Amino acid sequence: MLTGQDLPIQYGILPVSQDEQALCLDHVRHVGDPVAAVIAREELTAFEAMDLIDVDYEILTTISDPEEALATPEPRIHDYGEEGNIHKRVALEFGNVEQGFVEADEIFEDTFFYQGNTHLPIEQHAAVAIKDPDGKLTIWSSTQTPHYLHRALAKVLEMPAAHIRVIATPNGGGFGGKSDPFNHEIVVAKAALLLDRPVKICLTREEVFYCHRGRHPILMKFKTGVKKDGTITGMHLQTLIDGGAYGSYGVASTFYAGALQTTTYHVPRYKYEGCRTFTNKPPCGPKRGHGTVQPRFGQEVQLDKIAEKLSIDPADLRLRIAESSNSITANFFRLGTVNLTECIRRVVKSSGWKEKFRKLPEGQGVGLACSAYLTGAGLPIYWNKMPHSGVQLKFDRSGGVSIFCGATEIGQGSDDVLAGIVAEVLGIDPFDIRLFTGDTDLGPVDLGSYSSRVTLMAGNAALQAAERGKALIAEGVAEKLEVPKDRLRFAEKRVFDSIAPEKGVTFQEAVCLAEARFGTIGTVGSYTPPKSPALYKGGGVGPSPTYSYTAAVVEVVVNPVTGWITVPKIWIAHDIGRALNPPLVRGQVEGSVYMGLGEALMEEQEFRRLPKKLSHALVHKFPSMLEYKSPTSLDMPEVFTELVEEPDPRGPFGAKEVGQGPLLPIMPAVANAVYDAVGVRIDEVPITPEKIMKALAEKKAGREPRYGPKHFPHVNWPEALRVPPPWEGGDGNAVNEAPRRAKPKTEKERVLTP
Amino acid sequence: MMRLPLFEFRAPRTLDEAARILDGERASALPLAGGTDLLPNMKRRQQVPRTLMSLRHIEELHHARLENSGARIGACLTLTDIAEDSRFRNGLTGLAQAASVVATPQIRNMATLGGNLCLDTRCNYYDQNYEWRKAIGFCLKKDGTTCWVAPGSRKCVAVSSTDTAPALISLGARVRLVSRSGEREVLLADLYNNDGIHYIKRRPDEILSEILLDSLHGWKSTYWKLRRRGSFDFPVLSVAAAVHLSPAGVVQDARMVIGSAACRPLVAAEAGKALIGRSLNQETIVEAATIAARIAKPLDNTDFDMTWRKRVTAEFVTYALRELRGVDVRAEREALTRHPAI
């Protein structure tokens, strides 16, 4: 049996939030926080032994939500953070937002609430650890981030990282829920080292709900000023974020919640204030769309209200204010290609928007919403100057090529993308490629499958490695064929003279020629994102090499008596740059639609509070796959997917992300469609029949036809860092903060092109 | 921990043998039909029988005889058998509809009619892992003394969640219960108690072997189910309705049953009486629905807000009665069900 004393060293995914312990030491922070581990030869024995453990708890005051956290500074859930139970506060202002409101013709103030929900991967987390004969540790785990797990294990086990091997197993779904180092991974590693035998754990579904790291519940207040034509003059966003019991990615989530308001529509002055509190519930973290999903809901619903008030079609309004390619936003994010307007035009056309919006019979409606998402986080989790992704290629005399890369296949197809890119450059069949990925001993570091980064970053690294291999092979072949190497082409498993294509050798012969000339052929490639112009403190969250864009139209049917809501059809267009594997891209779009629909209509991480005389603890209402309601394949509507392809030079062959962005417009589009159908605003997610019925009752009673939060509590915001936007002569630094880094040399952005 | 506890397994080939086993084992044995509810419950340690006795190999439990004079349906017919067999139509449509909306296709392939009639009552505090229940303190229904739904209650309020029982009650079904000491027939409406723990009057030594129906000539029936997902879920409200109409469309007899609103299916007798001698029209339907909905008193122990469940009950009764009147309610049904409707 292990307890907290066996693993006292703290860890956590972010360097600023090293607040977790593998097993609780002195302080249990939420129901589900593990206090002991039992290792036995078989499960039933472990189960019986576990049932015999008695824990005496001294009951502390519990905190159920951020408002309670603000009002209850003591006892503190953690002894670090801003103050009391506030984990992180952020205040940033880009241009004078009050001036923006002065210049506005109309000002809109809306409060929204986005309920928390969880990833619900079909596969529960599992891990196996063994002590190798030479005393090293190997751990297999269903993780999205083997590199970060590697670092956490080295720290907690006090072992040299070189003696630890992490293998990310083929993974039955992650969605962000397997991106933290977890208690159970550390426990099996420790147990395997102590017992010198393999130790395995498979979490139950209940335990997966306790690991959580899912969507933060966020209360939001949007104040937006607009001109009569819809032009935004200023926006002020405040968020109050329910972090749960640990830091996890929460500091990043807090920044993300304020990051991407400026990347879809032009916002000339923007202020963001965000506050994440600790509560006694399972920790929240990154779920698909990390931190940006909740404010995207608020922003897109508010835009629908703005369009209504200004009597502008919501699609036309968005076309007017959409951001354009290669801009720098008010908060100094450099955009790549932006094809948002094309996405909007596509869904307007395919859905028959103009014939449907405000024209369908009572009870039927359509709603439109858009989004942007980053193609890879511009900065790593821990500060370093090394590449974000590395690839090694081994060229074999057989004509086969092996790819070694830390990138982690979690079902999204990242292995396929690597093979496709290398095969394309070398003119060979992807089937002739073997991949060794997600293994910290075999491949160079890739930071992990999160932030939609793998296609662009590992893809660019693979592209560079393949180009370097191609150059070596070309030299070997050029010598043999007596043809200048720049005339050689690589295609159809051959290397040949482009002027006389019959003159050539097979790819296998080409590799042999190169090996004869240079010795063993292996190449490496790596990728580091371009430096961001956002130099202010906090500017590290949100920059990306480029952003994807999505527009969606959702059709709903709402029963005006019961509030029952169904979604028969969804049209969605996604700006992918270039689809390297169109079926995989469509799979990600449809998977996002599916997940978004679950969040829109039913998914909730709900808690009950036990009576005060017991413990007042927050207990997960129903940690089961049956009662945590999520749609099934049968519940899917018809989805009409269109891909908008304009290659972005920053991505490999022009590719941008698709894993997360298409989720974002679904929830607000559903809310907007409900308004079109029955004339009530549901300013809260999920949008359930009960809430619709309550809003319908309000409408009938002549009150505001709305269901949603009524106030935003007082928060002691710090003085905002003031960063003049580019059009006010800003240089990316805050004027009320000492410059932190020298402005980067204005070097030309280095872009890898095929 | 979600592994089955250890148990002995028996697989008798005749009803006699099965009755002898149950007689010998008494309450320590449980009959196993499809197992789709019992086995997950055992993983959660809601039931921990020493012996499981499979009913699968008992030939006579798999027969169905449907004749004009009435029907005898073996308890081990699967829900798929019933949903897909076109003989279960006309008067029996409500039963086929109920069977077709239980859980998922995979579960319906295993789950039996008898098993669905004996389905354990459900509750948000009871259908949880052993660890969850232990952590908050075991509830009244299993191992504890407190009802977490109604802490003042001395009675368990777990919810009857069977789909087929309301449908069969509306058809006036009886069930045959066989034990070593003999057999008895019970009106299905009388099989259940309004008690979440002692919800069924089947004795532990009895096997529910058959469902018996009188002639349904002239009857029409239907079943409506409320659940979160149109693909699968336990009911959180259901309405079974059957009417016997004269050629002129006058109601000769009517039975309405509200399911999943108490520990047992609730027969809306007053609502049925209100329709007799009248034709089904907008006015009589709304009147009957209003009366029927009064008996539903849902509690906060299932999915959905209990107030909302109460408020939509009358609407669901109108769906059923309008359908029996001949109104096209396919759109309403499609909004609730994500597979082909019967």
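Residue numbering restarts at 1 for every chain, and letters A, B, ... go by the order of the sequence lines. Just so it is clear, the structure is predicted and the values come from calculations on it, not from any experiment. Excluded from the calculations below are hydrogen atoms, water molecules and symmetry mates; all remaining heavy atoms, backbone and side chain alike, are included.
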- Looking at A:Ser615, A:Pro631, A:Pro623, A:Ser624, which one has more heavy-atom pairs under 4.5 Å with chain B than the rest? A:Pro623
- Could you give the distance from CZ (B:Arg3) to CG (A:Leu44), rounded to the nearest 0.5 Å? 8.5 Å
- Is it the backbone or the side chain of A:Arg205 that comes under 4.5 Å from a heavy atom of chain B, or both, or neither? neither
- If only atom types and distance count, is the side chain of B:Trp308 paired as donor or acceptor with the main-chain N or O of A:Thr562 below 3.5 Å? yes
- Item | Rounded distance (nearest 0.5 Å) linking atom CD of A:Glu206 with atom CH2 of B:Trp132 | 9.0 Å
- Side chain, backbone, both or neither: which part of A:Tyr57 has a heavy atom under 4.5 Å from chain B? neither
- Message: What I'd like to find out is whether the side chain of A:Glu627 reaches to under 4.5 Å of the side chain of B:Arg122, using heavy atoms alone.
- Response: yes
- Item | Spacing of B:Arg338 atom CZ and A:Thr632 atom OG1 [to the nearest 0.5 Å] | 8.5 Å
- Item | Largest heavy-atom contact set with chain A, pairs under 4.5 Å, which of B:Leu6, B:Asp233, B:Val312, B:Thr104 | B:Asp233
- Might you work through the side-chain contact (heavy atoms from CB on, under 4.5 Å) test for B:Arg229 and A:Met602, ending with a clear yes or no? CA-CA 9 Å; B:Arg229 290 166 289 200; A:Met602 55 186 83; 3.8 Å; yes
- Query: With a 4.5 angstrom heavy-atom cut-off, which part of A:Leu614 approaches chain B: side chain, backbone, both or neither?
  - Reply: side chain
- Task: Can you measure from OG (A:Ser630) to CZ (B:Arg228) and round to the nearest 0.5 angstrom?
- Result: 11.5 Å
- Note on the structure: Of the listed B:Asn124, B:Asp305, B:Asp303, the one with the largest count of heavy-atom pairs under 4.5 Å with chain A is B:Asn124
- Message: Below 30° counts as parallel, above 60° as perpendicular, anything between as tilted: where do the rings of B:Tyr130 and A:Phe47 land?
- Response: perpendicular
- Message: Any heavy-atom pair between the side chains of B:Phe304 and A:Lys629 that's under 4.5 Å?
- Response: no
- Query: What part of A:Asp51 is in contact with chain B, defined as an atom under 4.5 angstrom from a non-hydrogen atom: side chain, backbone, both or neither?
  - Reply: both
- Non-hydrogen atoms of chain B under 4.5 Å away: do they reach the side chain of A:Pro568, the backbone, both or neither? neither
- Name the region of A:Ile565, side chain, backbone, both or neither, that has any atom closer than 4.5 Å to a heavy atom of chain B. neither
- Item | Within-4.5 Å side-chain heavy-atom neighbours: B:Asp127 and A:Phe622 | yes
- Trace of the side-chain contact (heavy atoms from CB on, under 4.5 Å) decision for A:Glu690 with B:Thr307: CA-CA 9 Å; A:Glu690 296 106 311; B:Thr307 319; over 6 Å; no
- Query: Between A:Leu610 and B:Trp148, does a side-chain contact (heavy atoms from CB on, under 4.5 Å) hold up when you go through it step by step?
  - Reply: CA-CA 9 Å; A:Leu610 294 182; B:Trp148 284 99; 4.1 Å; yes
- Note on the structure: When the 4.5 angstrom heavy-atom criterion is applied to B:Leu226 and chain A, the contacting part is side chain
- Would you find more than 12 non-hydrogen atoms of other residues, nucleotides or ligands less than 6.0 Å from A:Lys200 atom NZ? no
- Message: Can you confirm whether more than 12 heavy atoms, excluding those of A:Glu42, are under 6.0 Å from its CD atom?
- Response: yes
- Item | Intermediate values then yes/no, side-chain contact (heavy atoms from CB on, under 4.5 Å), A:Thr204 and B:Glu131 | CA-CA 11 Å; A:Thr204 62; B:Glu131 290 88 350; 5.9 Å; no
- Tightest non-hydrogen contact, residues A:Thr566 and B:Ala335, listed as CG2-O, 3.1 Å
- Using non-hydrogen atoms and a 4.5 Å limit, figure out which bit of B:Ala135 sits close to chain A: side chain, backbone, both or neither. neither
- Item | Structural part of A:Val561 lying under 4.5 Å from a heavy atom of chain B | side chain
- If one checks every heavy atom of B:Phe234 against chain A at 4.5 Å, the contacting part turns out to be side chain
